[in-house]
2 protein chains.
Amino acid sequence: MNRRPGIKDVAASAGVSIKTVSRVVNAEEAVHPETRARVLHAIQQLGYVPNTAARSLKSGTGGAIGVVIDSLADPFFAALVSAIETRALNEGLSVLVASSSLDPDREREQLLSLVAGHQVAGVIFAPVASEHPYLAPYRTTTPVVAVDRSRAGYDSVVVDDRGAAALAVQQLVDLGHERIAFFDRDERFSTIHRRLSGYLDVLQGAGIEFDPELVSSTVDGDLDYLGEARRLLGLANPATAFFASNAKAAIGLTTALHRIHRQDTAMIAFGDFSFADVLRPGVSCIDQDPFLIGNAAIERLLALREESSGEPREWIVPTALLQRGSGEITGPLAGGSATAPAPASAASTSAAVPAASTPAAVPAASAASTHPAPSARLAEGDVA
Amino acid sequence: MNRRPGIKDVAASAGVSIKTVSRVVNAEEAVHPETRARVLHAIQQLGYVPNTAARSLKSGTGGAIGVVIDSLADPFFAALVSAIETRALNEGLSVLVASSSLDPDREREQLLSLVAGHQVAGVIFAPVASEHPYLAPYRTTTPVVAVDRSRAGYDSVVVDDRGAAALAVQQLVDLGHERIAFFDRDERFSTIHRRLSGYLDVLQGAGIEFDPELVSSTVDGDLDYLGEARRLLGLANPATAFFASNAKAAIGLTTALHRIHRQDTAMIAFGDFSFADVLRPGVSCIDQDPFLIGNAAIERLLALREESSGEPREWIVPTALLQRGSGEITGPLAGGSATAPAPASAASTSAAVPAASTPAAVPAASAASTHPAPSARLAEGDVA
DNA sequence: ACTCGCGGCGACAACGTTGTCAAGCAGTCG
DNA sequence: CGACTGCTTGACAACGTTGTCGCCGCGAGT
């Protein structure tokens, strides 16, 4: 009925000054144990909870971190945010989520709202625009980490797209395929562009001539999966295998292939998806574990709060190739990311960052145990 | 380099008092158009963004709403939060997410942090504990809406579990099945208990005797799907059809059935999941659209901010039964929730709330267009 | 001419917390 | 015995914003 208890009420109840209460709440040293006990008792009794708004008004930086991702409806990003939230809770931080919908204007609006409006203690974002000059005034006080897509000037947590894609395509080549379709090239995403590079790397290495007809392209937004699948299989020299450049494409393609009863083709997907191991034939996947990535990102952000280190750099999170050969069903994790941190990826792309991926992987591993395994993602507690 | 611009800087730059700037920012009436223009210009030039912390300190209630759900790694809840976030953005509100991990203590911690600490403008939560007495002091100022699981004393947005389950089981009965397994009874969830009621309703209505052996039970946490599937199919009088009480069970069961090559059984699942229409045979699903539910919840919350209406009540969101008969593959939405809002559900359970589900469905429908269709959930932009 | 009303605007306090500074108080050392 | 030290505590300002109140000037009514 009365208004919510404030620090003053606690102080009065404990017979001390508000400053002493503040000291107790913030676990400062110089408080007599007996006084501390009295204060804690009063806090308990009144159900006092410190006011975050006043705190961040005073300190200039608040008790939440901001996360801006494409969409929470995307399970990859949802899982990523989940990992972030779990870790943030340990630090006593809350998570403000905002989605960009891949719209640079909305991205700007959301970022400014978080950084300037809510004065978040840090930001993790999946960048959309190529530059974010409006963040400049805040970067001295607010650490920022890019995730999933790297940006110059920001610490970026990404996977080795090019290397992992190469690993996958190599696998198809090793199986004897020479007509490998690159399914769904979407120019909007730099990640996909890098995966295409990996694809081309392997073709060149194997002496296979690149055929542009084997590339499906999303122009802006939608692709007719069924039509594209028919086209690729109907070429004079048809595709015999598919490299699906992202999970969305993989799902669309799988559905299309099932619909036209062409399950005689090989396929590897970038991005794991549930049921990849139930389908016939099983679809091998490059698993980019969102929990690993999310953990690495927040770990990086927390480190940045301590000491805003020198040059921003790219932090590469290992991927795993989940083998699901014809008919044979392998366990979802088959050893897990710990045993299969894509060593071959080092063979292809840019900076391998040993000092980076190792410490990042340690806390990530602990989080993995509290979360569903990647391929069991959809399976978690969806009793809703 | 300088500190971030405050209202004072804007006032100085525009040659007015800070109060006038405040008036302009808050779109109050009594400001001369010319003055307003000057102020807006200054705001623009300085890149001023109002400080949320100060605002909520003054007003006692902040610019964010809190959402507490089981886990963001669960796609159902992730999509639900996504719907909430989209709508909240329209109102100029941010979203603070927190997960309960189904732990009542953690739920309490998270709720208090949001309500008392962050002074959110409202809370939407999937309740875990059966009671939340600690929320009482805040309920006069902070509206609260329960979602997915209903709680007395709170406006609750749920689906008609009992009715929808009955609809599904009836379908199996109509196909001639008499040995229908209830797969995964989990006592922790009241939703599942209600679904079991629907199951029993139909059996009784059809004159089929209930056989406890046909019920699989999760004791606490894990269930051996493969073992249970074998048991049910190995009974003296074996199961010929399955009602999967939730998406997790459906996925586990599907995987198990595929693994032992028993795709000759019928199955209907509560909760849609991607690939339900690709599997052979197709799995019919009761689709509880998280976007619909999320929209209804935030709509309810916003309404509660206006006028804290009288009695809290239950708001029932319609479900759709997605038919995916044997072999025949139906389009994922096949008309969508608009055309199949489970009319039969009215035949079974508690309060049908016409005034409720109708206005809730209107804004929900608009959001559905900006989001992927339910069954395409996994398919959205997962290019990460 | 004097007053009244009103549109436009500003001075000031207050929100709940923490940082700064200094005071009180005992024990210790010279 | 006085000064000094270290520990504990409190008074007060400040963070950026909005609510309250009142001032100013102008046109209309008396």
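Here is the naming used below: chain letters follow the sequence lines, and residue numbers restart at 1 for every chain. Any value given below was found using the heavy atoms of this structure, including those in side chains, with hydrogens, waters and symmetry copies removed.
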Look at all strands and tell whether [X] reaches a base, only sugar-phosphate, or nothing, counting heavy atoms closer than 4.0 Å.
X      : result
S59(B) : nothing
V25(A) : nothing
T35(A) : sugar-phosphate

Which listed nucleotide ([options]) is nearest to the side chain of [X]?
X      : options                   : value
N51(A) : dG10(C), dT17(C), dT17(D) : dT17(C)
L57(A) : dT17(C), dC15(C), dC15(D) : dC15(D)
K8(B)  : dT8(D), dG16(D), dG10(C)  : dG16(D)

Problem - S101(B) versus R106(B), side-chain donor and acceptor atoms under 3.5 Å - result: yes
Problem - Side chains of S156(B) and E314(B), donor plus acceptor under 3.5 Å - result: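 Their side chains do not contain a donor-acceptor pair, so the 3.5 Å distance test is not met.
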Between [atom2] of [N] and [atom1] of [X], the distance in whole Å:
X       : N       : atom1 : atom2 : value
Q119(A) : dC15(D) : CD    : P     : 13 Å
K58(A)  : dC15(D) : NZ    : P     : 7 Å
I7(A)   : dA14(D) : CD1   : P     : 19 Å
H32(B)  : dG8(C)  : NE2   : C1'   : 9 Å
K19(B)  : dC24(D) : NZ    : C1'   : 18 Å
H118(A) : dG16(D) : NE2   : C1'   : 15 Å
E29(A)  : dC7(D)  : CD    : P     : 11 Å
R38(B)  : dC9(C)  : CZ    : C1'   : 11 Å

Is the shortest side-chain N/O distance from [X] to OP1 or OP2 of [N] below 4.0 Å?
X      : N       : answer
T20(A) : dG10(D) : yes
S22(B) : dT17(D) : no
R55(B) : dT18(D) : yes

Practice task
For V21(A) and for A54(B), locate the closest nucleotide of DNA chain C by heavy-atom distance; then report the residue assigned to the nucleotide nearer the 5' terminus.
Solution key: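 Upstream on the strand: A54(B).
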Handout entry: Residue mapping more 5' on DNA chain D - nearest nucleotide basis, Y48(B) or R23(B)
Key = Y48(B)
Problem - V31(A) or I18(A), whichever maps to the more 5' nucleotide of DNA chain D - result: V31(A)
Problem - From K19(A), R38(A), R36(A), residue fulfilling side-chain contact (heavy atoms from CB on, under 4.5 Å) relative to V24(A) - result: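 Considering K19(A), R38(A), R36(A), a side-chain contact (heavy atoms from CB on, under 4.5 Å) with V24(A) is found only for R36(A).
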Handout entry: Heavy-atom neighbours of E131(B) CD exceed 12 at 6.0 Å
Key =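 Counting other residues, nucleotides and ligands, CD of E131(B) stays at 12 neighbours or fewer.
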Exercise for the section: Report yes or no: is the cationic atom of R4(A) (NZ for Lys, CZ for Arg) closer than 6.0 Å to the six-membered ring centre of Y138(B), at no more than 45° off its axis? Expected result: no
